[in-house]
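Everything on this sheet refers to the single structure shown next.
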Number of protein chains: 2
Amino acid sequence: MQLNIFQTLADPSRFRIVEALRGGEDAVNGIVNRVGIHQSGVSRHLRILHELGFVQVRPDGQKRLYSLRPEPFRELDAWVASYRSFWEARLDKFAEALNQKAKAHSTKRKETSK
Amino acid sequence: MQLNIFQTLADPSRFRIVEALRGGEDAVNGIVNRVGIHQSGVSRHLRILHELGFVQVRPDGQKRLYSLRPEPFRELDAWVASYRSFWEARLDKFAEALNQKAKAHSTKRKETSK
DNA sequence: CAGGAATATATGCATGACGGCATATATACA
DNA sequence: TGTATATATGCCGTCATGCATATATTCCTG
């Protein structure tokens, strides 16, 4: 189906696998032990992560060592960066709002505080 | 249920709403028209986005103007940043390989201009 | 070449999220 | 006060997705 970056990291299992691989490459069984997910699940998630360019494989004996690839992280960083100007600007607005504490609007009642 | 950042942005509808709000605050109906999702769906997604701190509301007459909040983006940025050393290191290796190839006599400076 | 370990894949099941409808609530305005 | 507009929410059908068991495949080792 081809997920995007967020959909890929949205799954808790995949997220844990990514975090587990932060320390460096590891074999499937190593990941299984560290993240506590069934081997079939780890393999399936690794296949997905591989298809999406999150990880790369390197055969080592009968094991297959998986490690992270930088591209998706750069892409994610680029996306957040495109919002950076916005949320940095909002910091200014916040400071501004602190100065003039009450911004008079029309007469309004108490807002429903969820 | 309480989604995390990735799970929140994983849904295409929510993602589109977030992108739609990049330009600034907008009422529910305005968002409905721009993202092509049913009003009930937009309201529900806005509630989710609000619970997770992605958006804030401001009453304006009988409308409610939604706008983005910076916190989740900062959080996401922080997460990516925690991987930055990793993928910048890989960038360096790549750049290094490039330098090896075209080994000029220039001084080597590979600081990321950020 | 046989045995076995490591990994990959197929299938069935269950859970959960999304979307749309209908309806309820809130606010403005005549 | 009554009506129109705007937004929120309960309900339900549908569908996607993940997990686990079982099976297949690959590859090392003796």
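Predicted model, so just to flag it, every value in this text is computed and none were measured.
- Between B/Gln39 and B/Pro12, the residue anchored closer to the 5' end of DNA chain C is B/Pro12, taking for each the nucleotide with the nearest heavy atom.
- When the side-chain nitrogen and oxygen atoms of B/Asn29 are compared with OP1 and OP2 of D/dT5, none of them lie within a distance under 4.0 Å.
- Across all non-hydrogen atoms, the minimal contact from A/Gln56 to A/His50 is CA-CD2, 4.1 Å.
- If you check D/dG18, C/dT7, D/dT21 against the side chain of A/Ser43, the one that comes closest is C/dT7.
- Atom-to-atom, CD of A/Glu25 to C1' of C/dT7 comes out at 16 Å; the value is rounded to the nearest Å.
- When all heavy atoms of A/Glu25 and A/Ser67 are compared, the pair lying nearest together is CB-CB, 3.6 Å.
- Taking for each of A/Val57 and A/Gln62 the nucleotide of DNA chain C with the nearest heavy atom, the 5'-most of the two is the partner of A/Gln62.
- Closest contact between the side chain of A/Ser13 and the listed nucleotides D/dG18, D/dT9, C/dA8 involves D/dG18.
- One atom, CD of B/Glu51, and another, P of D/dA8, lie 12 Å apart when rounded to the nearest Å.
- Taking side-chain N and O atoms only, B/Arg64 has no distance below 4.0 Å to OP1 or OP2 of C/dA26.
- Atom C1' of nucleotide C/dT7 and atom CZ of A/Arg58 are separated by 16 Å, given to the nearest angstrom.
- In this structure, the nucleotide among D/dT5, C/dA8, D/dT7 sitting nearest to the side chain of A/Tyr66 is C/dA8.
- Contact between A/Ser82 and B/Arg22 at its shortest, heavy atoms only, is OG-NH2, 2.7 Å.
- Nearest to the side chain of B/His45, among C/dT9, C/dC18, C/dA8, sits C/dC18.
- Listed nucleotides C/dG20, D/dT7, C/dA8 differ in distance to B/Lys63; the shortest reach to its side chain belongs to D/dT7.
- When each of A/Ile5, A/Ile48, A/Leu46 is tested with A/Phe54 by the rule side chain to side chain contact (heavy atoms under 4.5 Å, CB included), just one qualifies, namely A/Ile5.
- In this structure, A/Asp60 places its CG atom 10 Å from P of D/dT29, rounding to the nearest Å.
- Donor-acceptor pairing under 3.5 Å, judged by distance alone, is absent between the side chain of A/Arg44 and the base of D/dG18.
- Distances were taken from every side-chain heavy atom of B/Ser40 (C-beta onward) to each of C/dT7, D/dG18, C/dC21; the shortest belongs to C/dC21.
- Within the helix from C/dC1-D/dG30 to C/dA30-D/dT1, the inter-axis angle between the opening and closing five-pair segments is 30°, rounded to 10°.
- Below 30°, between 30° and 60°, or above 60°: for A/Phe6 and A/Trp79 the angle between ring planes is above 60°, a perpendicular geometry.
- Using a 4.0 Å cut-off between charged nitrogen and carboxylate oxygen, A/Asp26 and A/Arg64 do not count as a salt-bridge pair.
- Across all strands, B/Gly41 comes closer than 4.0 Å to no nucleic acid atom at all (heavy-atom distances).
- Across the protein-nucleic acid pair, B/Ile48 atom CD1 and C/dC18 atom C1' stand 9 Å apart, rounded to whole Å.
- Regarding A/Arg47, its CZ atom lies at a distance of 12 Å from the C1' atom of C/dT7, rounded to whole Å.
- Taking the charged nitrogens against the carboxylate oxygens, A/Asp11 and A/Arg16 have no contact shorter than 4.0 Å, which rules out a salt bridge.
- No N or O donor and acceptor, one from the side chain of A/Arg14 and one from the base of D/dG18, sit under 3.5 Å apart.
- Between the C1' atom of D/dA16 and the CD atom of A/Gln7 lies a distance of 11 Å, rounded to the nearest Å.
- Summarising the geometry, the separation between CD1 on A/Ile31 and P on C/dA6 is reported as 14 Å, rounded to the nearest angstrom.
- When each of D/dG18, C/dG20, C/dT7 is scored by its nearest atom to the side-chain atoms of B/His38, the top-ranked nucleotide is C/dG20.
- Relative to the side chain of B/Asp11, the nucleotides D/dA20, C/dC18, D/dT7 differ in distance, and C/dC18 lies closest.
- Of all heavy-atom pairs between A/Leu21 and A/Val55, the closest is CD1-CG1, 3.8 Å.
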